[in-house]
Protein chains: 2
Amino acid sequence: MSEQVSFYSHAKHLLAVDCVIFGYEQGELKLLLYRRTFDPQKGNWSLIGGFLNEDESLEDAAGRVLKQITGLTNIFLQQVFTFSQPDREPNVRVLSAAFVALIRIDQQNQESLEKLGAQWLSVTKLPELIFDHHEMVDRALAFLQNRAAHELAGRELLPERFTFIQLRNLYEAIFQRAFDPGNFRKKVLSLNAIERTNVKNKTESKRGAYYYRFKKKSDPNGDRIFKAGAAGF
Amino acid sequence: MSEQVSFYSHAKHLLAVDCVIFGYEQGELKLLLYRRTFDPQKGNWSLIGGFLNEDESLEDAAGRVLKQITGLTNIFLQQVFTFSQPDREPNVRVLSAAFVALIRIDQQNQESLEKLGAQWLSVTKLPELIFDHHEMVDRALAFLQNRAAHELAGRELLPERFTFIQLRNLYEAIFQRAFDPGNFRKKVLSLNAIERTNVKNKTESKRGAYYYRFKKKSDPNGDRIFKAGAAGF
DNA sequence: CCAAAAGTGTTCGAACTACACCCATGA
DNA sequence: TCATGGGTGTAGTTCGAACACTTTTGG
């Protein structure tokens with residue numbers, strides 16, 4: 001990085017983080033949003049975010065915000081893109097780093113959620129969002145799709161135990177398209193990332209569907225879907 | 001984004017951009033670096049960067065830096081990741097957004113390059129870099145590999161006209177592995193992204209190899225390598 | 001005519017797709 | 001016993017990997 005003169009001659013900026021928080025519930029991929037409580041855009045739907053402090057990284061800040069809202073730590077959290085158009089917010093210039101977070105809806109603290117007035121809304125019917133938040137959601141979803149295509153998704157979103165149907169529903173929610181049940185099952189099993197329990201879910205059918213669970217991640221590439229390198233060349 | 005109180009109560013930060021500038025020359029993928037001319041780390045190898053001004057986006061800032069150095073505008077430029085560890089630089093806290101840039105080495109302005117003391121160094125034998133710049137390079141290279149796996153690369157890096165061997169060499173440089181000449185040719189041709197000229201390069205062989213050029217990008221997905229969706233599911 | 005690079009063809013297997021079929025069980 | 005979802009099997013096709021083969025041309 002090339003600072004020509006002194007540090008003090010350069011502009012300083014307000015920096016925020018905004019979290020695109022995905023959850024999965026009742027067969028739907030959902031997003032945690034809240035109605036903004038102050039101007040500008042008071043009352044309109046917004047991602048959940050906060051400002052960056054002096055002594056923390058963007059990742060720290062996003063984690064802090066998430067802890068505040070959901071009560072959870074150790075959440076899957078990844079930086080996606082930094083939005084920096086000078087006029088992205090009116091009146092004040094604020095840059096914002098967008099993060100994806102994946103959480104299990106049943107795990108989070110319902111109380112702090114309600115205090116904020118936050119709600120889980122289905123990604124298929126999102127309301128209008130403030131500023132460039134919709135673009136943040138788009139990028140976050142693309143990130144999630146990319147991740148789910150390269151590595152078996154669900155570890156952070158599904159409950160501890162889940163059926164194949166639930167896993168497939170999750171994939172169908174992420175990619176907004178149908179997957180062949182048989183082929184999906186075989187492909188996933190071939191990845192060796194999940195294992196069958198001896199418990200069955202009998203609520204959806206008479207026969208009952210086995211619950212599966214994710215294996216411990218021994219091999220860091222255990223559930224990779226593609227081999228390394230440029231496929232096709 | 002959720003600002004609890006007034007904007008003025010929040011910390012402001014120095015923000016920089018750093019460019020990972022790739023070029024391709026003599027069968028090698030290269031990086032434009034320079035020796036830092038001031039402390040800290042004076043004399044050590046560094047990416048080329050600059051500070052973010054009040055009224056520009058990060059993309060603008062990166063473009064400005066690139067123009068300064070290479071004399072070129074309309075360069076391929078993409079944000080990769082924002083580095084924000086509080087101690088990533090000693091003494092002062094500076095966040096930095098890393099960018100990938102792709103340029104044709106023969107096109108750039110040699111003069112402004114020399115004034116800065118910048119040099120093209122092969123990615124296979126990089127010197128030690130200051131701060132977290134090496135991590136920036138790693139992320140940028142991953143970005144480039146990803147892009148080259150999904151869409152035919154070379155448009156921004158190769159000269160106007162190039163042989164198949166040159167294109168294959170570029171891919172071998174990007175992925176650091178060999179590709180089968182026959183299979184590579186067939187795969188690339190099937191993408192319909194390049195067209196043969198009637199000129200041959202006779203410098204490398206008696207028979208001569210046809211020069212090819214990239215087609216105009218009519219279809220924005222013209223040179224996509226994968227179909228949409230989650231391959232494998 | 002032959003060496004060497006350019007370019008084409010052929011074979012094999014892995015893996016994705018589509019879809020038919022069997023299985024288990026409660027009403 | 002039969003309707004319903006759970007789960008398995010199979011045939012066809014596509015596509016990449018490996019590698020043999022043909023073409024061109026200057027020396």
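Just so we're on the same page: letters track the sequence lines, and every chain starts at 1. Quantities reported herein were computed from a predicted structural model and do not represent experimental measurements.
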Short side-chain to backbone donor-acceptor contact, A:Thr197 and A:Tyr211, under 3.5 Å = yes
Just checking, any donor-acceptor pair under 3.5 angstrom between side chains of B:Ser122 and B:Thr124?
-> yes
A:Lys206 side-chain N/O to D:dA3 phosphate OP1/OP2 under 4.0 Å = no
For B:Lys202, answer base if it contacts any base atom (sugar-phosphate contacts may also be present), sugar-phosphate if it contacts only those atoms, and nothing otherwise; contact means non-hydrogen atoms under 4.0 Å.
-> sugar-phosphate
Closest-nucleotide 5' rank along DNA chain D - winner of A:Glu204 and A:Gly182 | A:Glu204
Electrostatic pair B:Glu195:B:Lys215 at N-O distance under 4.0 angstrom = no
Stepwise salt bridge (Lys or Arg N to Asp or Glu O under 4.0 Å) test for A:Arg168 and A:Glu172 | CA-CA 6 Å; A:Arg168 182 160 51 82; A:Glu172 298 189 332; 3.5 Å; yes
Between residues 160-168 of chain A and DNA chain C, which residues have a heavy-atom gap below 4.0 Å?
-> none
In whole angstroms, the gap separating P of D:dC21 from CG of B:Asp180 amounts to 15 Å
Per nearest nucleotide of DNA chain C, the residue lying toward the 5' end, A:Ser190 or A:Lys200, is A:Ser190
For atom OH of B:Tyr210 and atom C1' of D:dT23, their distance in whole Å | 12 Å
Determine whether any donor atom in the side chain of A:Arg207 lies under 3.5 Å from an acceptor atom in the base of C:dA24, or the reverse, and answer yes or no.
-> no
For B:Phe179 and D:dA18, give me the distance from atom CZ to atom P, rounded to whole Å.
-> 12 Å
What's the NZ-C1' distance between A:Lys187 and C:dA14, to the nearest Å?
-> 11 Å
State whether a side-chain donor-acceptor pair under 3.5 Å links B:Ser96 with B:Asp18.
-> yes
Would you say the side chain of B:Lys186 and the base of C:dT10 hold a donor-acceptor pair, judged only by whether the two atoms sit under 3.5 Å apart?
-> yes
Atom pair distance, as rounded to whole Å: CG in B:Asn201 and P in D:dT25 | 14 Å
Whole Å only: how far is the CZ atom of A:Arg196 from the C1' atom of D:dT8?
-> 14 Å
Does C:dT8 have OP1 or OP2 sitting under 4.0 Å from an N or O in the side chain of B:Arg185?
-> yes
Taking the six-membered ring for Trp and the full ring for Phe, Tyr or His, determine whether the centres of B:Phe162 and B:Phe214 are under 6.0 Å apart.
-> yes
Rounded to whole angstroms, how far apart are OH on A:Tyr212 and P on D:dG6?
-> 12 Å
Between C:dA5 (C1') and B:Tyr211 (OH): distance, integer Å = 15 Å
Spell out, as yes or no, whether a donor-acceptor pair under 3.5 Å connects the side chain of B:Gln79 to the backbone of B:Ala98.
-> no
